[in-house]
Structures are given as C-alpha cells and as structure tokens.
Amino acid sequence: MKIYQTNEIKNIALLGNDGSGKTTLTESLLYEAGLISRRGRITAKNTVSDYFPVEQEYGYSVFSTVYHVEWNGKKLNIIDCPGADDFVGQAITALNVTDTAILLINGQYGPEVGTQNHFRYTEKLGKPVIFLVNQLDSEKFDYNNVLEKLVDNYGSKVVPIQYPLNEGPEFNALIDVLLMKKYSWKPEGGEPIIEDIPEKEKAKAMEMHKALVEAAAENDERLMEKFFESEALTEDEMREGIRKGLAARSMFPVFCVCASKDMGVRRLMEFLGNVVPFVDEMPQVHNTRGEIVNPDPNAPTSLYFFKTANEPHIGGVQYFKVMSGKVHEGDDLTNSDRGSKERLAQIFVCAGANREKVDELVAGDIGCTVKLKDVRTGNTLVAKDCEHRFNFVKYPNPKYSRAIKAVNEADTEKMITAIQKMSQEDPTWVLEQSKELKQTIVSGQGEFHLRTLKWRLENNEKINIVYEEPRIPYRETITKAARADYRHKKQSGGAGQFGEVHLIVEPYYDGMPEPTSYKFDGQEFKVTQKGKEEVELEWGGKLVFIDSVVGGAIDKRFMPAILKGILGRMEQGPISGSYARDVRVVVYDGKMHPVDSNELSFMLAARHAFSDAFKNAGPKLLEPIYDVEVFVPGDKMGDVMSDLQGRRGMIVGSESEKGYEKLIAKVPLKSLSNYSTTLSSITGGRASFIMKFASYELVPTDIQQKLMKEFEEQSGDED
C-alpha cells in the first residue's frame with residue numbers, strides 16, 4: 001500500500017441515529033473503493049462493521065469500526081460509530097481523533113435525538129459537519145420535509161448540494177447543484193449515468209446553485225469580491241469556498257445517498273476526497289502541557305491510542321493516531337503515561353476485522369497494532385526525543401448504575417478483571433468497588449449499555465452475573481447541639497479496660513464562631529480549648545474536633561484514640577449506617593484508670609458517646625440530588641415533565657434547542673435508577689438526558705423514618 005503523506009489524509013467520523021444506515025453505507029463505501037468484492041448485509045451477519053459476536057447477536061453496533069478507503073490519490077480514514085445513545089462514548093472518541101463528521105439522516109424521520117446529540121458534540125469540538133440524507137427509496141421519504149427540519153434546527157448554514165428527482169421506492173436519480181449535473185443509476189447502483197439537468201428542473205437547480213455559490217463565497221474575501229462582480233465561481237473556487245466554510249463551521253452541506261442500493265455513494269466519495277479539509281487544515285491539538293502539536297511528519301514521533309479491541313484468537317488490538325512524526329514497523333517507543341517501553345512489531349491499516357500490514361504511517365494517519373504489553377486506551381507512545389502526552393477525550397458522566405455480583409462467588413475476581421478489560425474498549429463502562437455501599441457498582445450510559453456488558457460476560461467470558469439495585473449514598477448530619485457521656489468498662493481477669501468520655505456535638509458550617517459555652521437542662525458547660533483538629537472527610541464535609549478537657553481528666557495521649565472512635569462511627573452513621581458529615585465535637589470531660597485505661601477503651605467510649613449524642617441532636621438524612629437536562633421533542637414535553645415530578649423532581653427551567661426542548665430539573669438520585677429506560681419508553685427512544693451531581697439535600701421525613709426503621713431491623717441495637 002502507498003504511504004500517504006499528511007496533506008493526502010482525511011479523517012472522518014460517520015455518525016447518525018440508530019437505524020440511519022451507517023453499517024450499510026460502510027459496505028457501499030468499501031465496495032466502491034474496491035476493498036471488498038461484495039457488499040455484506042446485517043441480516044446475513046457478514047458486514048465489515050458489526051463483526052463482534054454481541055453485535056451479530058443483537059443486530060446493532062456496539063463498537064466503532066475503523067476503516068480506510070483510497071480514492072483519487074487520497075486516503076480517507078473513516079470511523080463508523082454506533083448510533084444508540086448508550087454507546088455515545090465511541091462517537092466522542094471518534095470525533096476527537098477525526099477532522100470532519102458525516103451526520104447520517106434517516107430519510108423517513110429526518111433529524112432525530114441522536115442527530116442532535118452528535119451535533120452538540122461536533123459543536124463542542126469545533127468539527128465540520130456534512131449532513132447526509134439516506135434511505136431515499138423509503139415510502140415515507142419526503143426530502144423537502146427533511147430539509148426544512150434541518151434548516152429549522154441548524155439555521156441558514158444548512159446548504160443543499162443535491163436533491164432527489166423521484167422519491168420513494170422508485171428512486172434512481174438526483175440533481176447535483178455543485179456540478180450542475182443529473183446523476184442516475186441502473187437498478188444495481190454503482191457507477192452513475194451523468195447527464196445534463198432536464199429542462200423542467202433547470203430553474204430550481206439554478207436557484208439552489210446560486211445559493212450554494214453565495215454560501216461558498218462568504219468564506220473567502222477574494223471569492224466574495226468575485227461573486228459580487230459576476231455572481232459566479234469556477235468549480236475549483238467553489239470547492240475552495242466550501243472547504244473553508246466547512247472548516248469554519250459556517251456551512252453544513254447536505255448530500256443524498258441510497259446506501260442500500262449503492263446510489264450516490266461514489267459521488268459522496270468524490271466530494272470527501274476533493275473538498276473535505278485535510279488533517280493539516282484543521283484546528284491544532286494541544287498536549288497536556290498546553291503546547292500546540294502540529295501534525296508535522298518531520299517532528300519527533302508521538303502516537304495517541306484512542307481505542308482497544310479484544311478480538312477472539314488475537315487478543316488486544318490497539319488503534320492509534322499518529323499525532324506527530326512517523327512510525328515504522330519495529331520502532332521502539334516509550335509510554336508517556338506509564339513509563340514502560342514498547343516495540344511496535346507490526347503496524348496495520350484497518351478495514352474492520354481485516355488488517356493490511358504497512359511499513360510506515362505519517363502524522364495525521366490512523367492505524368493499529370497488536371500485542372503491546374502495557375498500553376491502555378488514552379495512553380501516548382513517544383520516541384526518545386519527544387515528551388508529548390495527550391488527554392483530550394472527555395467522556396460523559398454515567399447515567400445508569402447497577403450493583404453487580406457473580407452468581408458463583410468464586411468468579412468474582414475473574415468478573416472484575418473482565419469488566420476492567422472491557423472498559424478499555426468502552427471507557428464509559430465504569431467499575432467501582434464501593435466501600436461505602438458495600439457493593440460492586442458498574443455504571444454506563446443506559447440499561448441497553450449494561451445489558452450488552454452482561455451478554456458479553458455470560459457468553460464470551462462464561463461468567464453468570466446478576467444485577468441488583470444499587471444502594472443510595474445517603475449522608476447523615478445533625479440539626480442542633482446535644483451532649484452525652486459513656487463509660488466503657490470491662491474486667492475479665494488481669495488488666496481490664498476503662499475509659500469514660502463526655503462530649504458535645506453540634507452542626508458545623510464553615511465560618512461558624514468558636515464555642516465558648518453550652519447549656520443543657522439548665523447546666524452550663526464552659527469550653528476551654530486545649531486543641532483543635534479539622535478533618536476533611538473523604539466522603540465530603542468536615543469533622544471539627546475540639547479538646548476541652550481540663551485538670552488532666554483524660555490524658556492527652558488518649559485524644560487520637562477518641563478522635564479515631566468518633567471517625568469510625570461517622571463512617572457508619574448512627575441512624576442509617578451512611579456516612580455522617582459536618583459535625584463539631586467538643587470533648588470536655590471524662591475519667592481514666594491508672595492501670596486499665598488504654599487507647600481501645602477510649603476509642604470505644606468515644607464511639608458510643610458520639611452515637612448517643614448524635615441521635616439526640618435532631619439527626620437528619622441527606623440524599624444526593626442531581627442536575628438533569630432532558631432533550632425531548634416538543635410533543636412529549638408534558639409526559640416527561642409529569643414523570644419527573646412523579647420522581648420528586650423539581651423543574652427549574654426549560655429552553656428550546658435546535659428543534660428539541662431542553663428541560664432542566666433537580667432530581668434525587670434514588671428516583672433516577674431506571675430513568676433511562678422509562679424516558680426511552682415514554683418518548684419512543686426520541687429523548688436523551690445528561691446528569692451531574694449537584695448537592696446533598698434533606699430527605700423527606702417519611703422516607704427518613706422508613707430508612708431508619710430498615711437500618712434498625714438489619715443491624716439490631718448495636719449501641
């Protein structure tokens with residue numbers, strides 16, 4: 001295979017809602033480029049994309065597929081991404097390592113929620129967008145309606161370059177207003193018949209051509225001057241203007257294809273090869289030190305590893321982008337993140353599961369290698385004279401969590417290892433062994449996402465697992481001051497145990513004044529501060545510990561043990577077993593024994609005294625509240641609002657965003673457990689949401705009483 005230079009390489013992400021036809025389009029692109037001799041079909045389970053067993057079982061894409069096509073002396077690296085929102089991590093990764101996005105539109109439905117989600121990511125990353133309308137042969141297809149929705153959603157930057165002549169099952173022709181030609185196909189598709197535009201279409205085509213010329217001219221002062229003089233541009237000038245418009249996101253061209261019949265695909269490839277910006281024409285990338293890294297083939301070598309696939313009979317296949325320099329077969333490189341050395345014994349270019357060995361790849365190109373020892377997704381490999389490290393892919397927060405257990409407890413370690421390996425393939429699968437909840441928690445983007453993980457564990461790894469509802473990480477605090485004392489005394493032959501602690505607890509907030517005295521039942525307790533310690537709790541909030549013991553009632557050497565006892569009880573709060581936070585404790589008195597007092601005695605005495613005082617200090621449970629943004633079609637707005645309110649959600653605002661309504665709400669985490677499934681059911685899969693931790697707020701009294709009762713029944717009266 002020819003070694004392509006940086007100015008001959010274009011990197012493209014293929015995105016689109018589930019069912020828009022990306023896998024079918026991929027087959028046609030590869031067929032037209034001569035990489036496959038016949039187009040596969042999803043139903044036959046023989047496509048280049050969707051080659052993993054789980055994808056063939058369910059009939060949907062789970063992983064992105066990296067492939068390349070060579071066309072007119074250019075190399076197009078394309079990453080075909082899953083359409084379902086649950087697998088959005090694959091699309092985010094692809095957008096970060098490519099330079100242009102094709103947003104495939106299902107011609108039956110027009111732009112959908114997946115279109116909006118993907119467009120939002122292109123906006124955030126500043127990537128050019130081409131809208132590609134597919135399924136022109138569908139009975140429900142209405143091009144004018146699709147175009148109208150695109151313009152409504154994305155504004156006047158949407159500029160059609162093609163339109164179909166006859167829509168529906170008889171589709172076989174379209175008008176290209178960039179080249180001002182009619183394209184038509186025989187039933188087998190493939191190579192088009194190119195003719196002059198029919199007389200009856202000339203007026204419409206000329207009007208759209210002028211709009212395209214004007215849009216192209218707007219991106220270059222010289223072209224704009226020429227347009228004002230002659231109202232015309234040459235084909236090359238239009239390509240230049242469109243390329244600049246794409247790079248600046250000041251225009252979003254609209255193309256048409258019928259991927260299932262291989263109609264329009266060859267013309268699309270011409271446009272990608274001739275017009276889409278090259279790697280070196282796009283915004284520059286920065287390394288972790290904020291330095292610009294240009295895709296310069298003469299610079300020191302650096303590779304960013306953006307994807308891992310664990311394939312049967314091969315093991316780990318690692319995909320990389322050459323960020324700078326050149327990489328050769330047999331190169332020895334260093335892992336910037338882990339410090340280990342790696343040799344790239346072989347390098348390949350990809351077409352799904354098919355790989356072609358190459359000797360060299362240059363800056364901007366995408367390739368893969370196998371059997372690296374210590375490379376993880378997101379790592380950077382560099383040559384000895386290079387210090388780059390990259391960390392530019394930011395994944396969304398998880399939206400769906402479940403506690404996970406192996407049916408056979410002996411498989412637990414094997415299960416954890418398998419999930420950790422899978423999270424290299426999809427970093428939006430997140431595993432946490434929660435000390436607080438005493439559960440192993442696996443999180444993802446939705447129920448669909450975690451169901452896929454379960455299928456892989458059970459079918460690929462032969463580990464049977466069960467999902468359970470995850471516990472909620474409540475917090476305990478207090479609302480008023482209270483005091484308690486406790487004597488721990490134990491005598492069982494030989495040295496005994498003795499420790500007595502008197503203490504006061506009260507709610508703590510930053511900036512509160514230092515205590516001087518307290519009054520309980522008419523008795524005053526003065527505070528003489530001998531020592532103070534502020535503990536930032538790892539689960540959030542603070543413990544402020546004040547030593548106010550006078551007269552040597554408790555020796556100083558026992559104070560760390562008293563603090564340890566209090567912290568131990570805060571780690572398993574007195575009313576629900578949840579972490580306690582934001583408490584000030586004043587130890588003001590106590591007793592010790594010259595022989596029997598030791599650290600354990602005072603630790604236990606402090607633990608019980610704190611528990612007693614806490615229960616009398618107006619204890620309250622706090623629950624995690626999340627900020628939730630729901631993107632929903634206008635006709636489903638009322639249903640979604642009602643559902644959120646039924647989840648104790650508080651609607652705090654709404655706004656329109658490119659054809660969809662955005663609902664903003666604050667919702668307790670407890671109520672979000674199955675939200676992704678319910679939202680999909682309510683809206684027919686047309687809505688999506690994001691969620692982010694906001695704060696801890698008081699739990700309603702009835703729920704607190706229920707949780708306290710459950711805790712008492714489970715634990716008995718420990719205190």
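Keep in mind that what you see is a predicted model, and the values were worked out from it rather than measured.
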Can you confirm if the aromatic rings of Phe63 and Phe87 lie within a centre distance of less than 6.0 Å? no

Scanning both residues in full, the closest heavy-atom pair of Met415 with Ile465 reads SD-CG2, 3.7 Å

To check you understand the geometry: which heavy-atom pair defines the closest contact between Lys321 and Asn11, and what is its length? CE-ND2, 3.8 Å

List the atom pairs, donor and acceptor, that lie under 3.5 Å between side-chain atoms in residues 94-101 and the rest of the protein, sequence neighbours left out.
unit_1, atom_1, unit_2, atom_2, d
Asn96, ND2, Ile92, O, 2.7
Thr98, OG1, Ala94, O, 2.7

OG/Ser676 to NZ/Lys399 distance, rounded to the nearest 0.5 angstrom? 7.5 Å

Measure the shortest side-chain to side-chain distance between Lys620 and Ile478 over non-hydrogen atoms and say whether it is less than 4.5 angstrom. no

Between Thr377 and Thr308, what is the shortest heavy-atom contact and its length? OG1-OG1, 2.9 Å

Using salt bridge (Lys or Arg N to Asp or Glu O under 4.0 Å) as the criterion, list what pairs up with Asp635, not counting sequence neighbours. Arg686

What heavy-atom pair brings Leu174 and Pro164 nearest, and what distance separates the two atoms? CB-CA, 3.9 Å

Might you point out which heavy atoms bring Gln135 and Gly21 nearest each other, and give the distance in Å? NE2-N, 4.5 Å

Once side chain to side chain donor-acceptor pair (under 3.5 Å) is applied, what residue pairs with a partner in residues 636-646 remain, sequence neighbours excluded? Asp643-Arg647

Can you confirm if the aromatic rings of Tyr626 and Phe693 lie within a centre distance of less than 6.0 Å? yes

With sequence neighbours excluded, tell me which residues meet side-chain hydrogen bond (donor to acceptor under 3.5 Å, both in side chains) with Glu697. Ser695

Hey, could you give me each pair passing side chain to side chain donor-acceptor pair (under 3.5 Å) that has a residue in residues 434-443? Not counting sequence neighbours. Ser401-Ser443, Lys435-Glu571, Glu436-Arg475

Show me the pairs that pass ring-ring contact (aromatic ring centres under 6.0 Å, His included) and involve residues 456-477, at least two apart or across chains. none

Taking the ring centre of each residue, are Phe392 and Tyr304 less than 6.0 Å apart? yes

Suppose we screen for ring-ring contact (aromatic ring centres under 6.0 Å, His included). Which residues come up paired with Phe171, at least two apart in sequence or across chains? none

ring-ring contact (aromatic ring centres under 6.0 Å, His included) partners of residues 90-113, not counting sequence neighbours, each pair once: none

Do Phe119 and Phe252 have ring centroids that are under 6.0 Å from one another? yes

Listed partners of Glu468 passing salt bridge (Lys or Arg N to Asp or Glu O under 4.0 Å), at least two apart: Lys405

Go through the structure and list residues passing salt bridge (Lys or Arg N to Asp or Glu O under 4.0 Å) with Glu27, not counting sequence neighbours. none

Which salt bridge (charged side-chain N to carboxylate O under 4.0 Å, His left out) pairs, counting each pair once, include a residue from residues 134-143, with sequence neighbours left out? Asp137-Lys261

What are the two closest non-hydrogen atoms of Leu246 and Pro253, and how far apart are they? CD2-CD, 3.6 Å

State which residues pass ring-ring contact (aromatic ring centres under 6.0 Å, His included) with Phe131; sequence neighbours excluded, sorted by chain then number. Tyr154

Determine, step by step, whether Glu623 and Arg648 satisfy the salt bridge (Lys or Arg N to Asp or Glu O under 4.0 Å) criterion, reporting the C-alpha distance in whole Å, the side-chain angles of both residues, the deciding distance to 0.1 Å, and the verdict. CA-CA 12 Å; Glu623 65 179 337; Arg648 296 192 288 125; 2.7 Å; yes

